[in-house]
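Quick note: numbers below take in every heavy atom, side chains included, and nothing from hydrogens, waters or symmetry partners. Protein chains get the first letters and strands the later ones, always in sequence-line order, with residue 1 at the start of each.
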Amino acid sequence: MDTATPTEVSLLRLATAGSVDDGKSTLVGRLLHDCKAVFADQLDAVERVSRERGLTGADLALLTDGLRAEREQGITIDVAYRYFATPHRRFILADTPGHVQYTRNMVTGASTAQLAVVLVDARNGVVEQTRRHAAVAALLRVPHVVLAVNKMDLVGYDEAVFAPIADEFTAYAARLGVPDVTAIPISALAGDNVVEPSASMDWYGGPTLLEHLEAVDVEEDPAAHPARFPVQYVLRPQTPGEFRDYRGYAGQLVSGVLRPGDQVVVLPSGQRSTIAGIDRLGERDVEVAFAPQSVTLRLADDLDVSRGDVIAPAAHAPQATQDVAATVCHLSDRPLRPGDRVLLRHGTRTVNAIVRSLDARLDIDTLAEQHDADSLSVNEIGRVSLRTAAPLALDHYTDNRRTGSFLLIDPSDGATLTAGMVGTPLSAAAATTAAAAGGV
Amino acid sequence: MRAAHVTETEPIPTKEARVTVLAEVPSRLRQSHLDALESEAVHIFRETAAEFERPVLLFSGGKDSIVMLHLALKAFWPAPVPFGLLHVDTGHNFPEVLAFRDRTVERHGLRLTVAKVQDYIDDGRLRERPDGTRNPLQTVPLLDAITGSRFDAVFGGGRRDEEKARAKERVFSLRDEFGGWDPRRQRPELWQLYNGRHRAGEHVRVFPLSNWTELDVWQYIERERIELPEIYFAHERDVFQRAGMWLTGGDWGGPKDGEPVERRLVRYRTVGDMSCTGAVESDAVTIDQVIREIAASTLTERGATRADDKLSEAAMEDRKREGYF
């Protein structure tokens with residue numbers, strides 16, 4: 001496997017959640033360091049600053065230290081991205097601060113993650129914040145969650161400490177609908193079970209964190225989902241010669257598989273056609289396109305197709321609608337209220353929309369719904385009903401993370417206000433059970 | 001022994017089953033990491049071309065800007081690239097790189113705007129620094145070019161792996177009318193929904209290579225057989241040592257007395273202003289050899305070759321806030 005050529009290397013996007021106190025920065029620093037993603041000059045800087053701060057060893061947490069602008073302004077910019085690799089996989093790590101008021105950051109980091117690492121301190125076990133991290137991962141439909149039970153060195157590497165924490169979290173996450181949960185006992189500081197297996201925890205038979213990240217099966221079969229192709233850009237060279245009459249629809253296939261000859265429908269207009277050909281970045285007439293490839297589709301009929309339209313299989317097309325019921329996480333300091341006029345960005349389309357009602361506010365810790373809320377503040381999660389000025393080809397977020405998601409934007413200055421997920425990714429039933437199980 | 005490890009219903013794993021085998025997905029329906037990065041970058045190019053009135057691509061003839069142009073050519077094929085190129089010429093650029101730049105522009109029939117630091121020095125709008133370094137002087141001509149040509153989206157080759165100040169950069173980075181970067185106004189980027197809304201006078205820096213690493217860039221150059229200026233490969237060159245770096249002498253002011261010139265076998269890992277871009281000793285003459293050299297390197301490309309980033313811990317961050325990148 002170590003002889004893997006670059007073309008066989010796959011990509012895994014993951015997010016970490018946990019507070020500074022849980023040792024998250026140390027864990028991330030350890031992963032980067034032990035995967036040799038830290039270079040000598042960066043390590044020199046870390047050692048220098050560590051010495052200046054009177055520390056004896058290099059504080060790996062400094063590798064992920066914030067910007068001066070953040071310290072000066074007392075803010076945290078939502079997500080920092082880190083890169084590391086093994087011979088098998090390349091990793092893009094969205095490092096999110098897990099502090100109480102930063103639900104927004106976790107939501108951002110988790111939105112593109114295929115896997116989330118939730119960190120707990122073995123001495124504290126599953127706390128309110130841990131349950132919140134699990135809920136955000138479940139809400140954003142992150143398919144794989146790892147519970148890293150850190151600081152095992154401080155509890156004598158004792159299985160009797162680890163097992164109940166793992167059981168409690170696994171049960172809670174399963175009830176929230178997280179399909180795959182793995183618990184791993186680690187010490188980020190000492191390096192146990194992060195990259196190398198621990199010599200102090202013979203009772204643990206599972207993989208180290210990095211082994212799990214390398215092996216976890218995130219390669220979904222694209223054919224398992226219906227195709228969705230939001231049109232980004234119409235390519236019409238109008239140059240003399242071979243491409244004079246070329247008309248291609250450029251975009252990224254966000255789910256599914258398309259082949260020449262497939263019967264498709266263009267939404268929201270409902271016009272039907274057949275795929276005449278697929279070109280892929282200069283390669284003419286490829287046999288197949290699959291998510292998440294960027295390709296160009298040619299249709300058999302001369303239709304009026306433009307940016308914002310969605311091309312889908314005629315047999316498995318989404319319903320175009322102007323009424324959107326969604327679960328949202330509010331991201332802006334300006335509260336969201338019923339009656340607000342906003343822009344709604346879905347796929348490649350932006351339309352006017354109005355917030356018809358705020359149906360519930362969700363307590364992310366207890367998962368209880370509050371029905372008398374009159375606004376959503378930053379970091380709050382709720383259910384809203386929206387009406388759009390034009391129909392949108394939406395999927396439920398549980399079916400498709402790309403075509404089931406949207407942003408609300410302030411029309412006055414373009415600020416991103418709210419992240420939306422069509423439907424109720426956290427079902428009320430799961431919430432009730434989870435709330436009971438969580439003992440809150 | 002028990003390992004509380006997976007969901008309740010699954011069997012307890014044994015030591016032997018520690019690492020599970022990747023499930024088989026038909027290999028032709030699976031993207032390699034380079035394919036995934038390419039598709040993502042192309043998506044960003046197309047979003048920008050569709051959402052903005054006047055995008056422009058920063059093109060220096062350096063490897064990252066060459067890869068960006070290659071991606072843009074693929075993104076809009078068979079139509080021409082729907083935007084032009086902008087180069088801020090410090091006046092101390094490597095002649096081989098400028099020649100490469102001009103050949104590339106001509107071959108693809110592109111529009112190139114050049115903003116010259118020298119013009120600003122000649123008419124007194126900028127003053128030469130005592131150390132002769134002109135990299136920090138690029139900011140004003142860059143912002144003037146953006147304002148003067150009313151560019152509303154500016155593609156840059158910045159990567160988040162390069163440096164701490166870039167690790168938190170957005171793909172779409174909003175800049176005020178002074179080109180400044182205000183952390184409070186940066187927008188959360190969720191899913192692949194990029195929000196390019198801006199007010200008149202503001203612009204957005206767009207970074208299609210955000211998620212690429214230096215190694216990815218080189219592997220992609222190899223896979224796509226992309227041509228690069230020759231100074232990226234090992235060659236004999238007259239150089240002198242300053243602050244631990246091998247610099248090339250020239251009109252910019254080096255070498256000084258007591259800085260002996262030697263002939264060395266070197267190559268460049270990054271290409272910028274001659275006064276602050278150092279060469280590394282190397283015998284790598286092919287892309288494959290360069291990739292092996294980078295994979296074994298213990299220094300970041302900026303740490304190894306850029307004097308300007310060594311100015312201070314927060315040097316990059318400061319220049320970013322001023323609108324440098």
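Residues passing the side-chain contact (heavy atoms from CB on, under 4.5 Å) test with A/P411, sequence neighbours excluded: A/L343. Considering only residues two or more places apart in sequence or on other chains, A/R402 meets the salt bridge (charged side-chain N to carboxylate O under 4.0 Å, His left out) condition with none of them.
Counting heavy-atom pairs closer than 4.5 Å to chain A, the top-ranked of the candidates B/W191, B/Y194, B/F76, B/W77 is B/W191. In terms of non-hydrogen atom pairs under 4.5 Å with chain A, the most contact-rich of B/T213, B/L215, B/V42, B/L193 is B/L193. Note: A/L281 leads A/L11, A/T296, A/I165, A/L281 in heavy-atom pairs under 4.5 Å with chain B. Highest contact tally toward chain A, considering only B/R185, B/H198, B/R199, B/Q192, is held by B/Q192 [criterion: heavy-atom pairs under 4.5 Å]. Between chain B and the residues A/T239, A/V254, A/T112, A/L235, the most heavy-atom pairs under 4.5 angstrom are made by A/L235. Chosen from A/E242, A/R280, A/R236, the residue pairing most often with chain B at heavy-atom distances under 4.5 Å is A/R280.
Contact annotation for A/V295: only backbone heavy atoms (N, CA, C, O) come within less than 4.5 Å of a heavy atom of chain B. Only the side chain of A/I409 comes within less than 4.5 Å of a heavy atom of chain B; its backbone N, CA, C and O stay farther away. Neither the backbone nor the side chain of A/L12 comes within contact range of chain B, judged by heavy atoms closer than 4.5 Å. Contacts between A/Y81 and chain B at a heavy-atom distance below 4.5 Å involve backbone atoms as well as side-chain atoms. For a residue to count as touching a neighbouring chain, one of its non-hydrogen atoms must lie under 4.5 Å from one of that chain's; by this rule B/A49 touches chain A with backbone and side chain alike. For A/T350, the part lying near chain B is the side chain, with the backbone staying farther off; criterion is any non-hydrogen pair under 4.5 Å. Proximity to chain B is absent for every atom of A/D333, based on heavy atoms less than 4.5 angstrom apart. In this structure, the portion of B/E38 lying under 4.5 Å from any heavy atom of chain A is its side chain and not its backbone.
Taking 4.0 Å as the cut-off between side-chain N and carboxylate O, B/D35 and B/R223 count as a salt-bridged pair. Between A/R90 and B/D216 there is a salt bridge, with a side-chain nitrogen of the basic residue lying less than 4.0 Å from a carboxylate oxygen of the acidic one. Taking 4.0 Å as the cut-off between side-chain N and carboxylate O, B/E51 and A/R307 count as a salt-bridged pair.
Minimum heavy-atom separation, B/G157 to B/E162: O-OE2, 4.3 Å.
A donor atom on one side chain and an acceptor atom on the other are not found under 3.5 Å apart for A/Q232 and A/Q252.
A donor-acceptor pair is defined here as one N or O able to donate and one able to accept, closer than 3.5 Å; no such pair exists between the side chain of B/E169 and the backbone of B/S210.
Ring-plane geometry between A/F162 and A/Y204 is classed as perpendicular, the angle between the planes exceeding 60 degrees on a 0 to 90 degree scale with a lower cut at 30.
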